[in-house]
Amino acid sequence: MARSATGADGRDSGTRPTPTRGLLSMTWRDLLFAHWAVPAETVAARLPDRLSVDTFEGTAYLGIVPFRMEIGPAGLPFRLTFDELNLRTYVRGPDGDRGVHFFNLDADDRLGVSVARSLFRLPYYRAETEFRRAGERVHFRSRRTHPDAPPARFAAEYGPDGPAFTPEPGTLEAFLVENYRFYTMDDGGRLYHGDIDHEPWTLRPATAEITGNTLFEASGFDHPDVDPILHVADPIRVTAGRVHRT
């Protein structure tokens with residue numbers, strides 16, 4: 001079992017890595033951050049060895065993030081567009097670097113799932129999704145269809161409910177969204193990390209009506225008995241490089 005850990009003050013936000021040559025170029029749109037506060041030991045029990053829980057003032061967070069992805073090779077005009085949904089938490093790597101650990105990433109694109117699994121060793125699953133925008137409100141549905149994977153569904157309507165802001169370093173909002181590294185483990189138990197680069201997020205407080213959600217159960221968690229913290233994000237351009245053995 002991985003141990004729990006907290007940063008020096010529990011408030012530091014992610015450090016942006018020195019930009020490297022991008023392998024992929026992406027735009028993330030219509031994104032919702034929904035975060036549930038949970039005990040650190042709840043997350044620690046589900047983490048791979050060599051990763052430890054990162055907390056804000058002693059509390060860990062599970063996040064569900066639906067959005068629309070545009071992705072293609074860096075420097076080329078080719079783009080795939082599909083819907084994605086992930087369940088994540090925040091961790092420290094073996095050297096203490098902050099990052100994201102994904103329990104799953106569900107996507108409505110067979111090619112995108114195959115590429116992400118092979119290039120980035122990320123736990124992508126095929127899913128059927130529905131996406132509809134009505135003014136500032138987004139309607140998002142996902143149903144996992146990947147063979148031999150735990151079934152998972154998610155359905156929500158969400159949109160902004162306040163003015164735009166950029167999270168200040170040291171705040172909970174920065175802890176939850178300003179993360180520029182992810183960690184993943186292959187079937188042989190080898191740990192890898194990858195870095196992304198983008199400008200700081202522009203967020204808005206949000207409201208959401210979540211009418212279906214079995215992502216927690218599909219990843220071995222009880223559904224948190226608290227209301228989520230909700231933000232929507234302006235579109236953002238992202239670059240990602242190759243993964244590296246940690």
Any side-chain donor-acceptor pair under 3.5 Å between [X] and [Y]?
X      : Y      : answer
Arg143 : Thr129 : no
Thr89  : His101 : no
Tyr158 : Glu209 : no

Closest heavy-atom contact between [X] and [Y]?
X      : Y      : answer
Pro167 : Trp201 : CD-O, 3.4 Å
Asp83  : Glu130 : OD2-C, 4.3 Å
Pro205 : Phe165 : CD-CE2, 3.9 Å
Pro200 : Glu178 : CA-OE2, 3.6 Å
Gly162 : Arg204 : O-CB, 3.8 Å
Pro151 : Ala218 : O-CB, 3.5 Å

Do [X] and [Y] have side-chain heavy atoms sitting under 4.5 Å apart?
X      : Y      : value
Glu70  : Arg29  : yes
Trp36  : Ile64  : yes
Leu32  : Phe67  : no
His198 : Arg237 : no
Arg144 : Asn104 : yes
Leu176 : Phe33  : no
Ile229 : Leu172 : yes
Ile210 : Phe154 : yes

Can you tell me how far the [atom1] atom of [X] sits from the [atom2] atom of [Y], to the nearest 0.5 Å?
X      : Y      : atom1 : atom2 : answer
Leu51  : Thr184 : CG    : OG1   : 9.5 Å
His244 : His193 : NE2   : NE2   : 5.5 Å
Glu199 : Ile236 : CD    : CD1   : 7.5 Å
Thr239 : Asp197 : OG1   : CG    : 4.5 Å
Ser142 : Glu128 : OG    : CD    : 9.0 Å
Leu31  : Leu203 : CG    : CG    : 9.0 Å

Should [X] and [Y] be regarded as members of a common hydrophobic cluster, given that ILVMFWY residues are connected when their side-chain heavy atoms come within less than 4.5 Å of each other, either directly or indirectly?
X      : Y      : result
Ile71  : Phe102 : yes
Phe103 : Leu85  : yes
Val100 : Tyr125 : no

A cation-pi test, strictly: NZ or CZ of Arg68 under 6.0 Å from the centre of the six-membered ring of Phe131 and no more than 45 degrees from its axis. Yes or no? yes

Below 30° counts as parallel, above 60° as perpendicular, anything between as tilted: where do the rings of Phe221 and Phe216 land? perpendicular

Around [X], counting heavy atoms of other residues, nucleotides and ligands shown, do more than 12 lie under 6.0 Å from its [atom1]?
X      : atom1 : answer
Arg88  : CZ    : yes
Arg79  : CZ    : yes
Arg126 : CZ    : yes
Glu136 : CD    : no

Should Met69 and Met26 be marked as a side-chain contact (heavy atoms from CB on, under 4.5 Å) after you check the CA-CA gap, both sets of side-chain angles, and the distance that decides it? CA-CA 7 Å; Met69 164 83 82; Met26 298 169 275; 3.8 Å; yes

Walk me through whether Thr59 and Val38 qualify under side-chain contact (heavy atoms from CB on, under 4.5 Å). CA-CA 6 Å; Thr59 299; Val38 296; over 6 Å; no

Thr246 backbone acceptor or donor facing Arg50 side chain under 3.5 Å: yes

Say whether, by atom type as modelled, one donor and one acceptor occur between the side chain of Thr171 and the main chain of Ala174 under 3.5 angstrom. yes

Sole residue of Asp97, Thr55, Asp54 in side chain to side chain donor-acceptor pair (under 3.5 Å) with Arg92: Asp54

After noting the C-alpha distance and the side-chain angles of Tyr90 and Phe56, does the key distance pass the ring-ring contact (aromatic ring centres under 6.0 Å, His included) rule? CA-CA 10 Å; Tyr90 306 103; Phe56 185 88; over 10 Å; no

Among Arg98, Arg181, Arg242, salt bridge (charged side-chain N to carboxylate O under 4.0 Å, His left out) partner for Asp195: Arg181

Do Asp106 and Asn86 pass the side-chain contact (heavy atoms from CB on, under 4.5 Å) test, and can you show the C-alpha distance, the side-chain angles, and the key distance before you say yes or no? CA-CA 6 Å; Asp106 290 4; Asn86 64 64; over 6 Å; no

Please evaluate residues Thr207 and Arg137 with respect to the criterion side chain to side chain donor-acceptor pair (under 3.5 Å), reporting the C-alpha separation (whole Å), side-chain torsions for both, the decisive distance (0.1 Å), and the verdict. CA-CA 10 Å; Thr207 60; Arg137 306 295 293 181; 2.9 Å; yes

